[in-house]
Engineer: 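Please find one structure pasted underneath; my questions will follow.
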Amino acid sequence: MAVLFGGLYGFQTFKDMMIRKAIGAMTNPPQTVSTVVAAMAAWRSTLSSVGTLRAVNGADLALQASGIVQNIQFSSADEVAEGQPLLQLVATDDVAKLQSLQATAENYAIVVKRDEEQIKFSAVSQAALDSDRANLKNARALVEQQRAIVEQKTLKAPFAGRLGIRAVDIGQFLSAGTTIVTLQSLDPIYVDFFLPQQALASIVVGQDVTATVDAFPSERFMGRISAINAKVDSGSRNIQVRATIGNNPARLLPGMFAKVEIDVGKPEDIVTIPLTSIVNNAYGDLVYLVDNLHDGQGAARQMFVKTRPAKGDRIAVIDGIKPGEIVVIAGQIKLRNGSPVRIDNSHVPLAEAAPTVVDQ
């Protein structure tokens, strides 16, 4: 009876163990994940910022004088040269007054010439000659003053560039200072951005920068730092930096938002992994590694890591991962330390340090 009882007890114990194992397998099945093998790659640290594009020369053109628009000599979006006439106000009265003042000045010039001839024979006094010379200078000054008033009725391009959309019409009365059209010089173009004061040790005038804009996501625009502000903002402790970018053809426009990257330091070999590998944790960033891999299955292991700022879709790991280790890049949400995993890399996205968008 004892042997029978022991056999039955042993059988029951083995049965319970198998049931518990089956239940455990059902409650903790392998999680499907995607992975990559950590590898060394050339890495160069960067400083990143966001900035605003600004024209080297840009202005909303207006006139100092008021008047009625007589002639418009441009169309919207025209490319214009420096000094090119753009708009003319009615200036009939001003031109007539200028002609009158010119006639007066010419008359005073004749009087002075006559006095200079007559004074040789003492026919006029020196005082009369001095008075006539003073009148001539005054008349010529009035002519220049009136000529300036006439010129104020004509709008000319102060620099070469591209015009915006015309905001006035022929026959319209313009008050002084009314915006007529915007003029922007587009090649080259500036990008202004801010960096923390700690970056001052890493940047110099002439350093290469790379800019990207949402309008052309697949392109990278190259430029160089052209100016660093002479003071740090006391509120934000940031410093303003300006870079100059070639813009031919002129597709970048003032006011556009731009993302700016500056390469600093020297390239070095370091372990890099896709950015999706990183799991943010209250105690620090971590990744999941796969151990005991056999037939596409293994066990997940948490590992805290130290990283550098990301570049594109990749991030450099300076501590926590060794080359050759298998890193989970997708499917981490259900993982814990020791969770069984099954690897499926049939849909692994490409991760690049400088990704480009392919137009569809």
Side-chain angles (χ1 to χ4, degrees), residues 44-62 74 76-80 82 157-167 177-265 275 308-313 352-357 359:
R44 190 174 183 182
S45 297
T46 60
L47 295 173
S48 300
S49 183
V50 294
T52 302
L53 296 178
R54 181 184 182 279
V56 173
N57 289 305
D60 293 333
L61 304 185
F74 70 93
S76 299
D78 275 355
E79 297 284 346
V80 296
E82 181 178 354
F159 51 86
R162 179 189 295 176
L163 296 174
I165 296 176
R166 176 166 59 88
T178 301
T179 297
I180 296 170
V181 67
T182 186
L183 174 61
Q184 305 290 327
S185 177
L186 300 179
D187 184 29
I189 195 168
Y190 291 145
V191 55
D192 290 346
F193 55 97
F194 289 87
L195 292 173
Q197 62 179 6
Q198 296 91 330
L200 273 173
S202 303
I203 59 174
V204 294
V205 173
Q207 195 167 354
D208 292 337
V209 303
T210 303
T212 57
V213 296
D214 292 340
F216 308 104
S218 61
E219 295 187 52
R220 300 169 69 83
F221 298 90
M222 308 303 297
R224 291 186 176 182
I225 294 177
S226 53
I228 301 173
N229 206 357
K231 69 173 184 177
V232 174
D233 183 78
S234 59
S236 63
R237 307 301 177 187
N238 291 334
I239 188 165
Q240 185 178 4
V241 182
R242 172 172 291 174
T244 304
I245 298 174
N247 189 30
N248 185 19
R251 290 180 297 167
L252 302 178
L253 299 179
M256 291 178 94
F257 167 87
K259 299 176 183 177
V260 182
E261 286 189 353
I262 306 172
D263 289 329
V264 296
L275 187 57
R308 291 185 179 175
K311 292 176 63 176
D313 300 329
E352 300 176 303
T356 58
V357 177
D359 296 332

Engineer: Can you name the closest pair of heavy atoms from F193 and S49 and give their distance?
Structural biologist: CB-OG, 3.7 Å
Engineer: Under the side chain to side chain donor-acceptor pair (under 3.5 Å) rule, collect the residues that match up with T212, sequence neighbours excluded.
Structural biologist: none
Engineer: I'd like to know if the side chain of D78 reaches the main chain of V80, judged simply by a donor and an acceptor atom lying under 3.5 Å from each other, with no hydrogens or angles considered.
Structural biologist: no
Engineer: Do we see a donor-acceptor contact under 3.5 Å between the side chains of D263 and T46?
Structural biologist: no
Engineer: Any idea which heavy atoms bring A59 and Q184 closest together, and the distance?
Structural biologist: N-NE2, 3.9 Å
Engineer: Might you point out which heavy atoms bring A258 and V213 nearest each other, and give the distance in Å?
Structural biologist: CB-CG1, 3.9 Å
Engineer: Are the side chain of N247 and the backbone of L252 linked by a donor-acceptor contact shorter than 3.5 Å?
Structural biologist: yes
Engineer: Could you tell me whether the side chain of L53 reaches within less than 4.5 Å of the side chain of P254, counting heavy atoms only?
Structural biologist: no
Engineer: Is any side-chain heavy atom of T210 closer than 4.5 Å to a side-chain heavy atom of M222?
Structural biologist: yes
Engineer: Do I225 and V204 touch side chain to side chain, with heavy atoms closer than 4.5 Å?
Structural biologist: no
Engineer: A side-chain contact here means heavy atoms from C-beta on lying under 4.5 Å apart; do V232 and L200 qualify?
Structural biologist: yes
Engineer: Can you measure from CD1 (I189) to CG (N57) and round to the nearest 0.5 angstrom?
Structural biologist: 11.5 Å
Engineer: Side chains of L253 and L186, heavy atoms from C-beta outward: is any pair under 4.5 Å?
Structural biologist: yes
Engineer: Working to the nearest 0.5 angstrom, can you tell me the gap between R224 CZ and I262 CD1?
Structural biologist: 13.5 Å
Engineer: At their closest point, which heavy atom of K231 faces which heavy atom of I239, and how far apart are they?
Structural biologist: O-CG1, 3.8 Å
Engineer: How long is the gap from CD1 on I228 to CD1 on I203, to the nearest 0.5 Å?
Structural biologist: 4.0 Å
Engineer: Y190: what forms a side chain to side chain contact (heavy atoms under 4.5 Å, CB included) with it, not counting sequence neighbours?
Structural biologist: R54, V56, D192, S226, R242, T244
Engineer: About how many Å separate CG of D214 and CE of M256, when rounded to the nearest 0.5 Å?
Structural biologist: 8.0 Å
Engineer: Looking only at heavy atoms, what is the nearest atom pair of S48 and L195, with distance?
Structural biologist: O-CD2, 4.1 Å
Engineer: So, taking the atom named OG1 in T182 and the one named CG in L61, what distance separates them when rounded to the nearest 0.5 Å?
Structural biologist: 7.0 Å
Engineer: Looking at every non-hydrogen atom in both residues, tell me the closest pair between L163 and L183 and how far apart they are.
Structural biologist: CD2-CD1, 3.7 Å
Engineer: For the CZ atom on R251, are there more than 12 heavy atoms of other groups (residues, nucleotides or ligands in this structure) within a distance under 6.0 Å?
Structural biologist: yes
Engineer: With a 4.5 Å cut-off on side-chain heavy atoms, are I180 and F74 touching?
Structural biologist: yes
